[in-house]
Participant: 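Next up is a structure, given as structure tokens.
Just so we're on the same page: letters track the sequence lines, and every chain starts at 1.
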2 protein chains.
Amino acid sequence: MPKLSRSKQDYLKALYALGPEGEAVVTSRLALRLAVSPPSVTHMLGQLAAQRLVTHAPRAGARLTAKGRREAVEMVRRHRILETFLVRVLGFDWSEVHDDAEILEHHISDRVLEAIDRLMGHPAEDPHGHPIPDRRGRVRRRDLEPLSSLRRGARATVREIRDADGPRMARWKQTGLVPGAQVRVREVRALDDVFEIEVGGKRVVTGSEGLEGLMVESAKGGPRGQ
Amino acid sequence: MPKLSRSKQDYLKALYALGPEGEAVVTSRLALRLAVSPPSVTHMLGQLAAQRLVTHAPRAGARLTAKGRREAVEMVRRHRILETFLVRVLGFDWSEVHDDAEILEHHISDRVLEAIDRLMGHPAEDPHGHPIPDRRGRVRRRDLEPLSSLRRGARATVREIRDADGPRMARWKQTGLVPGAQVRVREVRALDDVFEIEVGGKRVVTGSEGLEGLMVESAKGGPRGQ
DNA sequence: CGCCAGGTTTAGTCTAGTCTAAGTATTCAT
DNA sequence: ATGAATACTTAGACTAGACTAAACCTGGCG
Ligand SMILES: [Mn+2]
Ligand SMILES: [Mn+2]
Ligand SMILES: [Mn+2]
Ligand SMILES: [Mn+2]
């Protein structure tokens with residue numbers, strides 16, 4: 001099996017991000033996320049299907065096969081290990097490591113990746129709180145929900161932060177919305193789309209859009225089943 | 001100026017390696033070193049010339065312009081910093097870091113490169129003894145000669161080791177031919193192409209080919225002018 | 001002095017990944 | 001049910017970087 005190209009690795013990663021459980025993902029969503037035209041997506045899905053990395057029913061979107069998911073998870077592992085390295089070893093801020101990891105993930109050899117992982121003591125989470133898949137591709141699954149789905153009065157702990165949006169991340173960091181932060185929802189005005197939450201004693205007011213990508217663990221009397 | 005492609009960076013680096021003072025380098029030599037066909041070289045030299053990175057007189061070889069040399073030296077800097085990092089931080093042996101550096105040099109951003117450099121305290125030499133150009137592209141020039149050019153009885157110190165040949169490097173390491181090693185030439189039988197040298201009290205016998213790529217500083221009563 | 005073998009360049013082809021423009025299927029509203 | 005809007009695919013083209021085959025210089029030898 002020849003190693004996959006950078007493009008193919010990114011397509012698989014996107015497919016995994018948009019449909020982690022193997023849900024079908026539609027052409028336009030992929031095109032949008034990869035900043036590529038829809039015909040390019042169709043074309044590439046054809047090649048990935050020929051390599052049995054995805055299945056592609058015309059006009060019904062594509063889904064990862066087991067093989068494709070393995071490759072995707074491997075890329076997620078690489079990405080997260082690299083981000084952790086950039087923060088813990090090279091001293092970057094977690095709001096500015098995504099783009100470098102996005103490139104490096106394709107060009108680091110396995111031995112270098114594993115050496116970096118070893119150097120850091122095999123971390124379980126990246127700097128944004130995302131779990132790092134282990135070498136066998138096992139991902140610790142967690143029971144999180146979007147912060148924006150909480151109701152008034154709810155308490156929760158911030159666990160994961162979507163890392164692809166630099167400025168938004170910097171803003172969150174500044175207001176204390178970082179992994180581990182305790183939050184309480186003071187008020188939800190659904191009609192106006194206004195959230196008023198409390199984080200570290202401070203009051204923060206935003207629209208739901210401004211919370212997009214913050215995942216929390218609800219504190220309702222211990223772990224909740226979904 | 002759009003960033004140069006990986007290929008172009010490698011062509012410039014090769015041109016610099018084969019003609020560090022701006023000497024003309026002939027198509028076939030480049031083709032051989034880059035493991036590419038001669039027509040590919042001609043074609044690429046055309047593009048590099050269009051970008052004013054080289055001058056190319058048909059059938060007379062190509063030479064780096066000042067601009068081209070700047071780019072080349074920048075790549076050498078990247079390569080050597082990365083090799084140093086792989087050895088000092090990630091714990092690899094210096095006989096096995098070249099190939100990874102050869103790829104990574106093209107894909108690490110400036111900020112990551114500088115962070116790595118800072119982390120190591122701005123090393124002046126890579127693990128093979130080669131000087132690391134500084135950020136402005138200044139290279140410390142040294143007065144070295146090939147070990148194989150020494151005469152019987154000469155004493156010298158090994159300073160630089162050509163790093164592109166893994167097995168050869170491993171062999172040198174094993175016999176004690178490493179940067180800093182003191183050597184004495186016991187015997188040179190030019191007709192048979194046999195070198196008998198002493199390194200760290202041990203006797204080593206090779207042909208001149210087996211010493212290709214070892215550069216030494218001669219110990220004849222202090223620094224010698226060339 | 002001319003010819004020929006080598007090395008170099010030209011010409012044409014291929015692959016991977018992208019694009020735009022055009023055609024087609026699906027869905028949803030009238 | 002029919003047509004319009006929308007989304008997807010097909011068709012065709014472009015780029016960078018490689019290759020092979022063929023044409024072309026040129027320097028050294030006879
Ligand atoms: Mn990331
Ligand atoms: Mn990527
Ligand atoms: Mn090297
Ligand atoms: Mn390289």
Participant: Can you sort out the partners of A:Val26 under side-chain contact (heavy atoms from CB on, under 4.5 Å), two or more places apart, ordered by chain and number?
Facilitator: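 Listed in chain order: A:Ser28, A:Arg29.
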Participant: Take atom CG of A:Leu48 and atom P of C:dT18, then tell me their distance rounded to the nearest Å.
Facilitator: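 Roughly 11 Å, once rounded to whole Å.
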Participant: Checking B:Asp93 side chain against B:Glu96 main chain: does a donor-acceptor pair fall under 3.5 Å?
Facilitator: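 No; zero donor-acceptor contacts below 3.5 Å.
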Participant: Do we see a donor-acceptor contact under 3.5 Å between the side chains of A:Glu160 and A:His128?
Facilitator: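 On atom types as modelled, these side chains do not qualify, holding no pair under 3.5 Å.
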Participant: Is B:Lys13 paired with B:Glu102 through a side-chain N to carboxylate O contact shorter than 4.0 Å?
Facilitator: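 Answer for the salt bridge query: yes.
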Participant: Which nucleotide in the set C:dC19, D:dT9, C:dG17 lies at the smallest distance from any side-chain heavy atom of A:Pro38?
Facilitator: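 Nearest to the side-chain atoms of A:Pro38, counting from C-beta on, is D:dT9.
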Participant: Measure CG/B:Leu4 against C1'/D:dG17 and give the value in whole Å, please.
Facilitator: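 Answer to the nearest Å: 14 Å.
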Participant: Rounded to whole Å, please give me the gap between CD in B:Gln9 and C1' in D:dG17.
Facilitator: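 Between C1' of D:dG17 and CD of B:Gln9: 15 Å.
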Participant: Closest approach to the side chain of B:Val26, judged atom by atom: which nucleotide of C:dT24, D:dA18, C:dT8 is it?
Facilitator: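 Looking only at side-chain atoms, B:Val26 lies closest to C:dT8.
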Participant: With a 4.0 Å limit, can you tell me whether B:Tyr11 has a side-chain N or O closer than that to the phosphate oxygens OP1/OP2 of D:dA16?
Facilitator: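 Checking B:Tyr11 against D:dA16: no side-chain N or O falls below 4.0 Å of OP1 or OP2.
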Participant: May I have the distance from B:Leu45 (atom CG) to C:dT8 (atom P), rounded to whole angstrom?
Facilitator: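 To the nearest whole Å, that distance equals 11 Å.
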Participant: Whole-Å distance between C:dT9 P and B:Leu30 CG?
Facilitator: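 For the pair B:Leu30 CG and C:dT9 P, the rounded distance is 11 Å.
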Participant: Using a cut-off of less than 4.0 Å, is there contact between a side-chain N or O of A:Thr42 and OP1 or OP2 of D:dT9?
Facilitator: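 Answer yes for this pair, as a side-chain N or O of A:Thr42 is under 4.0 Å from OP1 or OP2.
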Participant: Between B:Gln51 (CD) and D:dG17 (C1'), how many Å, whole number?
Facilitator: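 That distance rounds to 13 Å.
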Participant: Mind calculating the distance between CE (B:Met44) and P (D:dT15) to the nearest angstrom?
Facilitator: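 Distance check: B:Met44 CE to D:dT15 P gives 16 Å.
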Participant: Under the side chain to side chain contact (heavy atoms under 4.5 Å, CB included) criterion, do A:Ile132 and A:Val76 qualify, and how do the steps go?
Facilitator: CA-CA 8 Å; A:Ile132 297 175; A:Val76 169; over 6 Å; no
Participant: Closer than 4.0 Å, any side-chain N/O of A:Ser37 to the OP1 or OP2 of C:dT20?
Facilitator: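 The answer is no; no side-chain N or O of A:Ser37 sits under 4.0 Å from OP1 or OP2.
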Participant: Side chain of B:Arg59, heavy atoms from C-beta onward: which of D:dC8, C:dT9, D:dA18 has the nearest atom to it?
Facilitator: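 The nucleotide sitting nearest to the side chain is C:dT9.
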Participant: Please determine if a side-chain N or O atom of B:Ser28 lies less than 4.0 Å away from the OP1 or OP2 oxygen of C:dT8.
Facilitator: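 Affirmative; the distance criterion is met.
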Participant: May I ask you to check whether B:Asp100 and A:Ser109 show a side-chain donor-acceptor distance below 3.5 Å?
Facilitator: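 Present: a donor and an acceptor within the cut-off.
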Participant: Which angle, rounded to 10°, do you find between the first-five-pair axis and the last-five-pair axis of the helix from C:dC1-D:dG30 to C:dT30-D:dA1?
Facilitator: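 That helix has its two terminal axes inclined by roughly 30°.
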Participant: Distance check: side-chain N/O of A:His56 vs OP1/OP2 of D:dT9, anything under 4.0 Å?
Facilitator: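 Answer yes for this pair, as a side-chain N or O of A:His56 is under 4.0 Å from OP1 or OP2.
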Participant: On DNA chain C, check which nucleotide each of A:Ser7 and A:Pro58 is closest to and give me the residue with the more 5' one.
Facilitator: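 Checking each residue's closest nucleotide, the 5'-ward one belongs to A:Ser7.
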Participant: Please tell me which of the listed nucleotides, C:dT18, D:dC8, C:dT9, lies nearest to the side chain of A:Thr27?
Facilitator: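 The answer is D:dC8, which lies nearest to the side chain.
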Participant: Does the distance from a Lys or Arg side-chain N to an Asp or Glu carboxylate O, for A:Arg6 and A:Asp10, drop under 4.0 Å?
Facilitator: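 Looking at A:Asp10 together with A:Arg6, the answer is yes, because their closest N to O distance falls below 4.0 Å.
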Participant: Would A:His106 and B:His107 count as a close aromatic pair, with their ring centres under 6.0 Å?
Facilitator: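 When the ring centroids of A:His106 and B:His107 are compared, they turn out to be at least 6.0 Å apart.
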Participant: Quick check on C:dG17: is either OP1 or OP2 less than 4.0 Å from any side-chain nitrogen or oxygen of A:Ser5?
Facilitator: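 Indeed, a polar side-chain atom of A:Ser5 lies that close.
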Participant: State whether B:Gln47 places a side-chain N or O below 4.0 Å from either non-bridging phosphate oxygen (OP1 or OP2) of D:dG17.
Facilitator: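 Checking D:dG17 against B:Gln47, a side-chain N or O does come within under 4.0 Å of OP1 or OP2.
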Participant: Tell me the interatomic distance from B:His43, atom NE2, to D:dC19, atom C1', rounded to whole angstroms.
Facilitator: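 Taking atom C1' of D:dC19 as the reference, NE2 of B:His43 is at 12 Å.
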Participant: Would you indicate, yes or no, if C:dA16 has its OP1 or OP2 atom less than 4.0 angstrom from a side-chain nitrogen or oxygen of A:Lys8?
Facilitator: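 Indeed not, no polar side-chain atom of A:Lys8 lies that close.
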